[in-house]
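Below you'll find the structure, written out as C-alpha cells, and then a few comments.
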Protein chains: 2
Amino acid sequence: MGFFQEQAVTSSDKTFFRLREEIVEGEISAGAKLSEVELSTKYEVSRAVVREAINRLEACNIVERKANVGARVVTLTAEGLLELYQIREALEGMAARLAAQNMPETEIDKLSNLLDDQFELVKQGQSYYQEAGDLDFHYRIIVGTQNQQLITMLSNGIYHLARMYRVQLGMTGPRVTTAYDEHKHIVKAIANRDGELAEILMRRHIQYSKNNIAVKLSKM
Amino acid sequence: MGFFQEQAVTSSDKTFFRLREEIVEGEISAGAKLSEVELSTKYEVSRAVVREAINRLEACNIVERKANVGARVVTLTAEGLLELYQIREALEGMAARLAAQNMPETEIDKLSNLLDDQFELVKQGQSYYQEAGDLDFHYRIIVGTQNQQLITMLSNGIYHLARMYRVQLGMTGPRVTTAYDEHKHIVKAIANRDGELAEILMRRHIQYSKNNIAVKLSKM
DNA sequence: TATAATAAAATTGTCGACAATTTTAGATTT
DNA sequence: AAATCTAAAATTGTCGACAATTTTATTATA
C-alpha cells in the first residue's frame, strides 16, 4: 500500500506516522483519549514529541483537542461521513478536471494499463488488491493535477480520514467491479482531455462510494 | 473585520493568532525566515510556545518548514495563486450548493439584507467596506452549509492564505459593483433552493476574482 | 585565487522539571 | 442519602537546558 511514502526524518515525524496509523487502522479506537504521558512511555519518547504529533493529528482532523483537557480520537458519525464525502466530491471532482488539463500522456497511459491489470486480478478473484488499487487510482489523478496544494490537502488530510471510516466500518472490499467501470470511464474522459466530463464522472463515483458506506453505517 | 472570532485560551493560541496576523497583513514579509529564538524574545514566551505556533502555521500552509533547518513564510507565486483559487472554486462552489440545501430562511434573508446595505454604502462611495463585506458574504454561505469540516477548512485555512495574497499585492478594493451583482445572483439562487445554479454562479464568481488578481500579479 | 577541509557559531530537536488547570475522591452540610 | 464544598491527584501548558544538526567562518591545499 505504499505509493506516496512520506519519509520520517525527525522523532516527531515517526511518532506522528505511527500514531496516525494506529488510529486509522483502528488499534486505537474512535473516541479514545490520547494521554500524553501514556503515549510518551509507550513510544519511549519525550512528552514534547508526543504533543507535537498530537498537534499534527489535530490539524488533520483525526483528533479533537480541548485546551487544558486533552485530545480524543474523532468519533465517527453519519454526519461526519456525509460532510467528508461532500468535501471529497468537490475536491476530487476538481482534481479530475485539472488532470484532464495537465496530466502527461505517459501518466495517463500508465494509469490506463494499471486499471487493466487490476481488472485481470479481480477476474481471478484476487479482490484484496481492490482497496490499494482504488487508492492508487485516486492518488494518480490527484498528482496529475499538478496542483501542489491540492495534492498535499488530499493526501495528508482527507484520505486518512476516509480510510479511518472504512476500516472502522469493516469495508475491506465491496463494489469492486462496478468501481472498475467507473474508473475506466473517468480515465477515458481524462485521456480525451474532457475536463468537464471527467469532473462529472468523478463526482458521481464519489457519491456512489459515499452511499455504499452510508448504508453500512446506518446498520450499526 | 470580526465575524468568526476564534478565542485564544492558551499562550500558544495567542502567539499563533498574533504571528498569523503579522504574516497575513504583511508585517512579516513573504519568504522571511521565522527564527524560533528571535520570535520567543519578541513575544516574551518560551521557544516551545513559538514552535507550537509555527507548527500550526505550517498546517495552514502559511509557512513551509524543513527539518533541522527552520520555517519560512510561504513565497507568493502566480502558480500558487492559481492553485489556491482552483481549490477555492471547488470548495466554495460546493458550499453554495449545500447552502441552497441547508441554509435557514432567516439566514438567507439576513444575507440578502446585508447585501442591500452594502450596496447603499458603495453607492455613497464608502468602498472601504468592500473587502470586509465580501469576506462576510462568503463566510455566511460557508456557515450556511452546516458542514462543520468545510467551515473549519475554509475559515482556518484558505481564507487567510487568500487574504495574504491580496494584501501583498495591494488589492484593497477593486471590482466592487460587479462583485455586488454576482453576490446578488448567488443569493437569489440559494433563496430559490437551486443548488446547481448556486454552485455554477459561485464558481464563476471565484474565477473572476482570480483573474482580477492574476492580472495584477502578472504586472510585477 | 579558487576550492576543499575543518572548526566555531548558531539553529533546531528533544528532554525533564515546574506551573496552571482540570479531574477525582473525600469530607461536610442539609 | 443527595448535594455541595474542599483537598489531593492527575493531566496539560510552559519553561530552560542539553543534544543533534546545519550554517558560517577560518584555515589549508591545489
Side-chain angles (χ1 to χ4, degrees), chain A residues 5-23 27-75 152 156, chain B residues 5-23 27-75 152 156:
Chain A
Q5 241 129 356
E6 303 139 302
Q7 54 194 8
V9 18
T10 166
S11 176
S12 286
D13 289 340
K14 275 179 230 145
T15 307
F16 167 64
F17 292 138
R18 213 171 139 183
L19 197 48
R20 183 179 64 185
E21 172 142 353
E22 287 202 29
I23 293 172
E27 294 159 45
I28 298 177
S29 59
K33 173 85 190 292
L34 294 181
S35 163
E36 295 183 0
V37 290
E38 189 183 319
L39 291 172
S40 69
T41 56
K42 178 179 174 185
Y43 292 145
E44 295 176 313
V45 292
S46 79
R47 249 189 69 217
V49 170
V50 172
R51 264 184 82 80
E52 197 157 321
I54 291 179
N55 280 333
R56 287 166 71 176
L57 288 173
E58 188 190 13
C60 299
N61 291 99
I62 290 178
V63 310
E64 284 172 332
R65 150 172 280 174
K66 268 198 292 190
N68 288 315
V69 173
R72 286 188 172 280
V73 176
V74 129
T75 56
T152 305
N156 281 349
Chain B
Q5 241 128 355
E6 304 139 299
Q7 54 194 9
V9 18
T10 166
S11 176
S12 286
D13 289 340
K14 275 180 231 147
T15 307
F16 168 63
F17 291 138
R18 211 170 141 185
L19 196 48
R20 184 178 64 184
E21 172 142 352
E22 288 202 30
I23 293 172
E27 293 160 45
I28 297 177
S29 59
K33 173 84 189 292
L34 294 182
S35 163
E36 295 182 0
V37 290
E38 190 183 319
L39 291 172
S40 69
T41 56
K42 178 178 175 185
Y43 293 144
E44 293 176 315
V45 290
S46 79
R47 250 188 68 216
V49 171
V50 172
R51 262 184 84 80
E52 199 158 318
I54 290 179
N55 280 333
R56 287 166 71 177
L57 289 172
E58 187 189 13
C60 300
N61 291 99
I62 289 178
V63 312
E64 285 172 332
R65 150 173 280 174
K66 267 198 293 190
N68 289 313
V69 173
R72 286 188 172 280
V73 176
V74 129
T75 55
T152 304
N156 280 349

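Convention: sequence-line order gives letters A, B, ...; per-chain numbering from 1.
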### Query
Does OP1 or OP2 of C/dC15 have a side-chain N or O of A/R47 closer than 4.0 Å?
no
### Query
Roughly how many Å is it from CD in A/E44 to C1' in C/dC15, rounded to a whole number?
15 Å
### Donor-acceptor pair, side chain of B/R72 and main chain of B/G31, under 3.5 angstrom
yes
#### Entry: Interatomic distance, A/K66 NZ vs D/dT12 P [rounded to whole Å]
13 Å
### Task
Return no unless some side-chain N or O of B/S12 is found under 4.0 Å from OP1 or OP2 of D/dT14.
yes
#### Entry: Sidechain-backbone polar pair: A/R47 side chain, A/V37 backbone, donor-acceptor under 3.5 Å
no
### Query
Hey, does the side chain of A/T10 come within less than 4.0 Å of C/dT14's phosphate (OP1/OP2), counting only N and O?
yes
### Query
When we call it a touch if two heavy atoms are under 4.0 Å apart, what does A/L34 touch: a base, just sugar-phosphate, or nothing?
sugar-phosphate
### Query
Would you say B/S46 reaches D/dT14's phosphate, i.e. side-chain N/O to OP1/OP2 under 4.0 Å?
no
### Message
Closest approach to the side chain of A/N68, judged atom by atom: which nucleotide of D/dT21, D/dT14, D/dG13 is it?
### Response
D/dG13
### Contact under 4.0 Å: A/K33 side-chain N or O vs D/dT12 OP1/OP2
yes
### Task
Calculate the interatomic distance between B/F16 atom CZ and D/dG13 atom P; express it in whole Å.
16 Å
#### Entry: Distance, rounded to the nearest Å, where B/Y43 contributes OH and D/dT14 contributes P
16 Å
### Query
Atom CZ of B/R65 and atom P of D/dT22: how far apart are they, to the nearest Å?
15 Å
### Query
Quick one: which of D/dG13, C/dT12, C/dT14 gets closest to the side chain of B/E36?
C/dT12
### Query
In terms of the nearest nucleotide of DNA chain D, which residue is placed more toward the 5' end: A/A71 or B/A67?
A/A71
### Query
Got a second to check how far A/L34's CG is from A/I62's CD1, nearest 0.5 Å?
10.5 Å
### Message
If I take atom CZ in residue A/R51 and atom C1' in nucleotide C/dC15, what distance separates them, rounded to the nearest angstrom?
### Response
14 Å
### Task
Give the rounded distance in Å between these two atoms: CG of B/D13 and C1' of C/dT21.
15 Å
### Message
Quick check: on DNA chain C, is the nucleotide nearest A/A48 upstream (toward 5') of the one nearest B/V37, or the reverse? Name the residue that is more 5'.
### Response
B/V37
#### Entry: Salt-bridge criterion met for B/E36 and B/R65 (N-O under 4.0 Å)
yes
### Query
To the nearest Å, how far apart are B/E52 CD and C/dT12 P?
17 Å
### Message
Under a 4.0 Å threshold between the charged nitrogen and the carboxylate oxygen, would B/R56 count as salt-bridged to A/E58?
### Response
no
